[in-house]
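Within every chain, numbering begins at 1; the chains are lettered A, B, ... in the order of the sequence lines, protein sequences first and strands thereafter.
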Amino acid sequence: MARVLLFGPLRDLAGWRERDIESGSLAALRSLLAEEDEALGLALDGPGVQVAVDQALVRGDMPLGDGSEVAFLPPMSGG
Amino acid sequence: MIRLTDQPFDPGALLTAFAEGRSETGAIATFTGIARAEAGATAILELEAYPGFTEAEIGRIADQARARFGLHDLAILHRIGRIGPGEPIVFVATAAGHRRAAFEACDFLMDYLKSRAPFWKKEHGPGGERWIEPTAQDHADRERWDKETTG
């Protein structure tokens, strides 16, 4: 099980913040999420959305282990 | 010090503590960001972070600032949660041998915090709620530091 976290507008769009989802890779997780929620799938591929696995930013696909933490991070704005 | 807090803070007290016991620091610059009321349009500002990751990413920006400006020390305190108009959102202090480095490092840190630090900001007002994304100006402000490196 990977723990999936959504932040900012992604959380509002999906209606959840945190879920445990069985998935072997980041790409498989993306398709799974897109299949059950098309709008979320599109938003996760949207401009400026970054992905962190176990709190490190990643690009492209990567395998997910049991207990991996996957965070989808929309454009950030502090201050 | 790099810290997130869901409690209001006093920038004056932070500066006093930051300035204490320094004999080689010739300059301290500070910046305090305040939540604006936007003429009644914003009743509450809600700030979300990714605990652990947010502090680590700010830490990387802080390391860059230390190296680039030769800082003696720095402090960053950022609010999360619900913030009312007039309340401080962010406090940045930089300590250096001379004023130019302290001013510039403070400016640099704020430009990065505005558009690169992992925070998500939502405005709640009488007209509903909306997520705020960094503006073109925020991006341009940050990018000028990249230009100065190569130029």
Side-chain angles (χ1 to χ4, degrees), chain A residues 1-21 23 25-26 29-30 33 37-79, chain B residues 2 4 31-36 45-62 76-80 83 88-92 106-124 128-139 141-142:
Chain A
M1 286 288 211
R3 171 142 301 181
V4 182
L5 306 176
L6 301 180
F7 288 89
L10 293 176
R11 189 226 314 151
D12 282 359
L13 177 72
W16 54 272
R17 176 192 207 91
E18 188 175 322
R19 273 175 61 190
D20 290 329
I21 297 175
S23 181
S25 73
L26 197 52
L29 174 67
R30 282 178 179 279
L33 290 170
D37 184 341
E38 197 186 341
L40 177 64
L42 285 173
L44 294 181
D45 288 333
V49 175
Q50 301 183 82
V51 184
V53 174
D54 294 329
Q55 305 219 339
L57 291 174
V58 300
R59 279 175 195 280
D61 193 16
M62 71 177 295
L64 298 176
D66 198 33
S68 291
E69 184 176 276
V70 181
F72 291 96
L73 312 168
M76 304 162 172
S77 175
Chain B
I2 292 169
L4 308 181
F31 174 85
T32 305
I34 313 273
R36 279 187 305 264
L45 205 57
E46 184 187 342
L47 263 132
E48 184 184 11
Y50 180 6
F53 180 77
T54 298
E55 291 94 325
E57 287 295 303
I58 296 174
R60 283 152 45 127
I61 297 167
I76 299 171
L77 182 65
H78 209 297
R79 277 287 294 277
I80 51 174
I83 301 158
I89 303 178
V90 58
F91 174 84
V92 175
C106 199
D107 200 13
F108 170 90
L109 285 166
M110 273 314 302
D111 284 344
Y112 272 79
L113 285 169
K114 285 299 274 188
S115 58
R116 280 284 168 82
F119 291 101
W120 298 275
K121 214 161 38 177
K122 192 192 236 178
E123 251 177 26
H124 297 263
E129 51 181 56
R130 72 177 186 104
W131 289 98
I132 303 170
E133 289 201 3
T135 62
Q137 183 66 55
D138 289 336
H139 288 301
D141 285 346
R142 191 195 68 247

Check: Is chain A contacted by the side chain of B/A35, its backbone, both, or neither, given a heavy-atom distance below 4.5 Å?
Finding: neither
Notebook entry, point to check: Using non-hydrogen atoms only, which part of B/E133 is less than 4.5 Å away from chain A: side chain, backbone, both, or neither?
Noted result: both
Item checked: B/R60 atom CZ, over 12 foreign heavy atoms within 6.0 Å -> no
Item checked: Top contributor to chain B interface from A/A71, A/S77, A/P74, A/A52 [non-hydrogen pairs under 4.5 Å] -> A/S77
Notebook entry, point to check: Considering residues, nucleotides and ligands other than A/R3, do more than 12 of their heavy atoms fall under 6.0 Å from its CZ?
Noted result: no
Margin query: Any non-hydrogen side-chain atom of B/Y50 less than 4.5 Å from a side-chain atom of A/M76?
Written below: no
Checklist line | Side chain to side chain, B/F53 and A/L57, heavy atoms closer than 4.5 Å | finding: yes
Note to self: Under a 4.5 Å cutoff for heavy-atom pairs, which residue among B/G33, B/P118, B/G52 has the most contacts with chain A?
What the structure shows: B/P118
Notebook entry, point to check: Nearest 0.5 Å, what's the CZ-CD distance between B/R116 and A/Q50?
Noted result: 7.5 Å
Item checked: Structural part of B/K122 lying under 4.5 Å from a heavy atom of chain A -> side chain
Next item on the list: Check the angle between the aromatic planes of B/W120 and A/F7 and answer parallel, tilted or perpendicular using the 30° and 60° thresholds.
Entry: parallel
